[in-house]
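Data block below; observations after.
Quick caveat, the model's predicted, so the values are computed rather than measured. Order of the sequence lines sets the chain letters (A, B, ...), proteins ahead of strands, with each chain counted from 1.
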Amino acid sequence: MLPLNTIRENADTLVRALAKRGLDAQPMIDEVLELDQQRRDVQTRLDATLAEANQLSREIGNLFKTGKAKEAQELKARSGELKELSKELSEALNTAAEALQQALYQLPNAPHDLVPAGSSETDNEVVFQSGETTAAGGEALPHWELAAKYNLIDFELGVKITGAGFPVYKGRGARLQRALISYFLDRNTESGYEEVQVPHLVNEASGYGTGQLPDKEGQMYELRDDKLFLIPTAEVPVTNMLRDVIVERAQLPLRYTAYTPCFRREAGSYGAHVRGLNRLHQFDKVEIVRVEEPANSYQALDEMVAHVKALLESLQLPYRILRLCGGDLGFTSALTYDFEVWSAAQERWLEVSSVSNFEAFQANRLKLRYRDANNKPQLAHTLNGSALALPRILACILEDYQEAEGIRIPDVLVPYTGFDRIG
RNA sequence: GGAGGAAUGGCAGAGUGGUCGAAUGCGGCGGUCUUGAAAACCGUUGAGGGUCAAACCUCCGGGGGUUCGAAUCCCUCUUCCUCCGCCA
């Protein structure tokens, strides 16, 4: 949710920025400004009414104290009127505030200057590409065949237990995934991210805090009896740790890393391109989250990008970095870099990380603030990124590291796996 | 799951119907003193709305009610604590 004062002060800039999403935001902005004005008008009238009522109560109290009960009784009549009026105004205020809130919820974050205009992923900008993208050539097997061949992952078993998109990892496949998790957590921790273990179910307030709610509940699994949601990403519980918090400036930046499973309904996505590990309903991910002063948040974004780069370099996987265009940019993000790794057998790029700066968009919903140089509470900036998403990394390692007689394990992982090849 | 108790400012903790946004202590910040520091003393110190600035309004876990007036009384929800039961 864009902060109201940003909308009031920079309406024109916002409209121009939002145009990059292919959105004509002018009518929405106008509506917000009008609803804001209405809300304030009602608030002003309510305040005046309450002020008079408070004054009157004091007078009545004094009259009673000095034994002038009769005069006090007379004033009660006016008090009753004021009460009636304040009740009406209070309801009007709620209505106005609710309408404003709803309008604000509809507005996506304003894209940063660097975001290219564009309508789909074809308009994303490749900002970096590493070396060779062909590792194994025409003989390469896709990871689902490798997984079957070496008994690493059993997709059918997952179907039996739960359904499609819930694979069972076995033996060295399970061990390799666990190794990756540990490796990523260790590297993140070394870089100053504090490891946290968080709930995998979140309440509604948390869903609103990071922007999954309203409107996107269809993407999450919901436990209706308890009004809880399975997390689609660790971003939700981790960022919501800071909900309703005012952070001292000296404590910034806050840096967290968390490993969690992620649950996504992915309704409507089927077909060959979702085979194997490409798209799952449950997958593992190690996430990094930062809270920053606004002045530092883009430097922080660059650091996070550099960090994820270093992880991929250390695994020696071919990858590229995309700057998402306006049309592909997430609702809550101002600037996002996607990382994609080359899948040698499928001969396509697989997204393994998405690193975003949300600026004050989430903080505004979360009421996450810090004290500025004048000690005044201001909205902080939040950022997060995957470091990294496991299944696709696993898929690319299997495919890109395959040899005639098995699969090699990237050097950095060997201390974690305890073996240096599969097969 | 059963029975009790509690929820107040960064923390601790007063406050049971009227000038209480809230005593006091600790912590924080500023100052006096000091070569410097500590101690001591003085001052200051919640958030949001609103205003050029003020006035003013809201907030004592959430919601509702009683009353001219609620942190204080009533209802309800949530959370926490104690005891019992169950349990990884």
Side-chain angles (χ1 to χ4, degrees), chain A residues 1-9 32-104 197-209 213 223-229 237 240-252 254 261 291 360 362-380:
Chain A
M1 189 161 70
L2 288 164
L4 202 45
N5 56 8
T6 308
I7 299 175
R8 283 183 199 151
E9 289 158 20
V32 165
L33 292 175
E34 194 185 318
L35 290 169
D36 176 39
Q37 190 56 53
Q38 282 175 19
R39 202 219 88 230
R40 283 200 275 178
D41 289 346
V42 178
Q43 178 86 62
T44 303
R45 283 194 285 152
L46 176 61
D47 285 358
T49 307
L50 289 173
E52 191 183 340
N54 288 341
Q55 177 59 31
L56 203 55
S57 287
R58 279 190 285 267
E59 284 171 25
I60 292 172
N62 286 333
L63 288 173
F64 273 122
K65 265 186 203 163
T66 51
K68 299 172 183 169
K70 197 165 185 178
E71 283 141 45
Q73 289 300 337
E74 286 164 17
L75 289 182
K76 281 190 186 182
R78 175 61 181 156
S79 186
E81 289 171 26
L82 288 172
K83 194 177 180 180
E84 194 64 29
L85 182 58
S86 70
K87 198 167 184 174
E88 283 168 26
L89 287 171
S90 177
E91 277 163 22
L93 179 64
N94 286 341
T95 307
E98 178 63 22
L100 176 61
Q101 181 80 315
Q102 289 308 320
L104 284 169
Q197 294 188 359
V198 291
H200 301 165
L201 293 172
V202 293
N203 57 28
E204 260 186 313
S206 293
Y208 277 95
L213 299 177
L223 281 73
R224 292 221 171 82
D225 286 347
D226 300 289
K227 278 195 177 163
L228 297 175
F229 299 86
N240 272 283
M241 295 196 298
L242 284 314
R243 177 150 44 88
D244 295 318
V245 168
I246 300 176
V247 184
E248 295 304 324
R249 201 157 67 110
Q251 296 181 302
L252 294 176
L254 301 178
V291 177
Q362 288 183 331
N364 188 35
R365 291 191 178 192
L366 294 159
K367 292 196 176 61
L368 163 52
R369 292 164 291 174
Y370 76 103
R371 291 192 189 277
D372 68 11
N374 299 319
N375 236 22
K376 292 194 65 175
Q378 303 284 357
L379 293 175

[atom1] spacing across the pair [N] / [M], given as an integer number of angstrom:
N       : M       : atom1 : result
rG46(B) : rC11(B) : C1'   : 13 Å
rC59(B) : rG21(B) : P     : 11 Å
rA71(B) : rA3(B)  : C1'   : 28 Å
rC74(B) : rA55(B) : C1'   : 35 Å
rU44(B) : rG9(B)  : C1'   : 15 Å
rA23(B) : rU72(B) : C1'   : 15 Å
rG61(B) : rG25(B) : C1'   : 24 Å
rA22(B) : rG17(B) : C1'   : 15 Å

Requested in this report: Any salt bridge (Lys or Arg N to Asp or Glu O under 4.0 Å) involving residues 42-59 of chain A? Give me the pairs, sequence neighbours left out, ordered by first then second residue.
Outcome: Glu52(A)-Arg78(A)

Report task. Return the minimal non-hydrogen interatomic distance between His200(A) and Pro261(A), and the atom names on each side. Result -> CE1-CD, 3.3 Å

Query raised in the report: What is the minimum heavy-atom distance between Asn240(A) and Gly209(A), and which atoms define it?
Result: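 Asn240(A) and Gly209(A) have their closest heavy atoms at OD1-CA, 4.0 Å.
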
Rounded distance in Å - [atom1] ([X]) to [atom2] ([N]):
X         : N       : atom1 : atom2 : result
Leu100(A) : rG48(B) : CG    : P     : 18 Å
Leu93(A)  : rG48(B) : CG    : P     : 18 Å
Gln378(A) : rA47(B) : CD    : C1'   : 13 Å
Asn62(A)  : rG18(B) : CG    : P     : 13 Å
Leu56(A)  : rU19(B) : CG    : P     : 16 Å
Ile246(A) : rG10(B) : CD1   : P     : 8 Å
Glu248(A) : rC11(B) : CD    : C1'   : 14 Å
Ile60(A)  : rG17(B) : CD1   : C1'   : 14 Å

**Report entry** First encountered from the 5' end of RNA chain B, between Lys376(A) and Ser57(A)
**Finding:**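 Its nearest nucleotide being more 5', the pick is Ser57(A).
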
Under a 3.5 Å cut-off for both contacts, is [N] paired Watson-Crick or G-U wobble with anything, and if yes, with which nucleotide?
N       : answer
rC87(B) : none
rG17(B) : none
rC41(B) : rG31(B)
rU67(B) : none
rA55(B) : none
rC80(B) : rG5(B)

Query raised in the report: Has Arg369(A) got a side-chain N or O lying under 4.0 Å from the OP1 or OP2 atom of rG46(B)?
Result: no

Requested in this report: Determine, step by step, whether Tyr370(A) and Asp372(A) satisfy the side chain to side chain contact (heavy atoms under 4.5 Å, CB included) criterion, reporting the C-alpha distance in whole Å, the side-chain angles of both residues, the deciding distance to 0.1 Å, and the verdict.
Outcome: CA-CA 6 Å; Tyr370(A) 76 103; Asp372(A) 68 11; 4.0 Å; yes

Query - Polar contact flag, side-chain donor to acceptor under 3.5 angstrom, Asn94(A)-Glu98(A) - result: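 No, Glu98(A) and Asn94(A) have no side-chain donor paired with an acceptor closer than 3.5 Å.
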
Query raised in the report: Under a 4.5 Å cut-off applied to non-hydrogen side-chain atoms, are Val247(A) and Leu368(A) in contact?
Result: yes

Query raised in the report: Can you list the residues that meet the salt bridge (charged side-chain N to carboxylate O under 4.0 Å, His left out) rule with Arg369(A), with sequence neighbours excluded?
Result: none

Report task. Only counting residues at least two apart or in another chain, list the ones meeting salt bridge (charged side-chain N to carboxylate O under 4.0 Å, His left out) with Arg243(A). Result -> none

Query raised in the report: Are more than 12 heavy atoms from other residues, nucleotides or ligands located less than 6.0 Å from atom CD of Gln101(A)?
Result: yes

Report summary line: Across all chains, not counting sequence neighbours, the side chain to side chain donor-acceptor pair (under 3.5 Å) partners of Asn203(A) are Ser206(A)

**Report entry** Near-strand residues of residues 76-90 of chain A, defined as heavy-atom separation under 4.0 angstrom from RNA chain B
**Finding:**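 Correct list: Lys76(A), Ser79(A), Lys83(A).
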
Query raised in the report: Base, sugar-phosphate, or nothing for Arg45(A), non-hydrogen atoms under 4.0 angstrom?
Result: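 Nothing, no nucleic acid heavy atom in range.
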
Report task. Please test Gln73(A) against Lys76(A) for side chain to side chain contact (heavy atoms under 4.5 Å, CB included), starting from the C-alpha separation and ending with a verdict. Result -> CA-CA 5 Å; Gln73(A) 289 300 337; Lys76(A) 281 190 186 182; 3.6 Å; yes

Report summary line: Scoring nucleotides 49-64 of chain B by protein non-hydrogen atoms under 4.0 Å (B base, S sugar-phosphate only, - none) yields BSS----SSS------

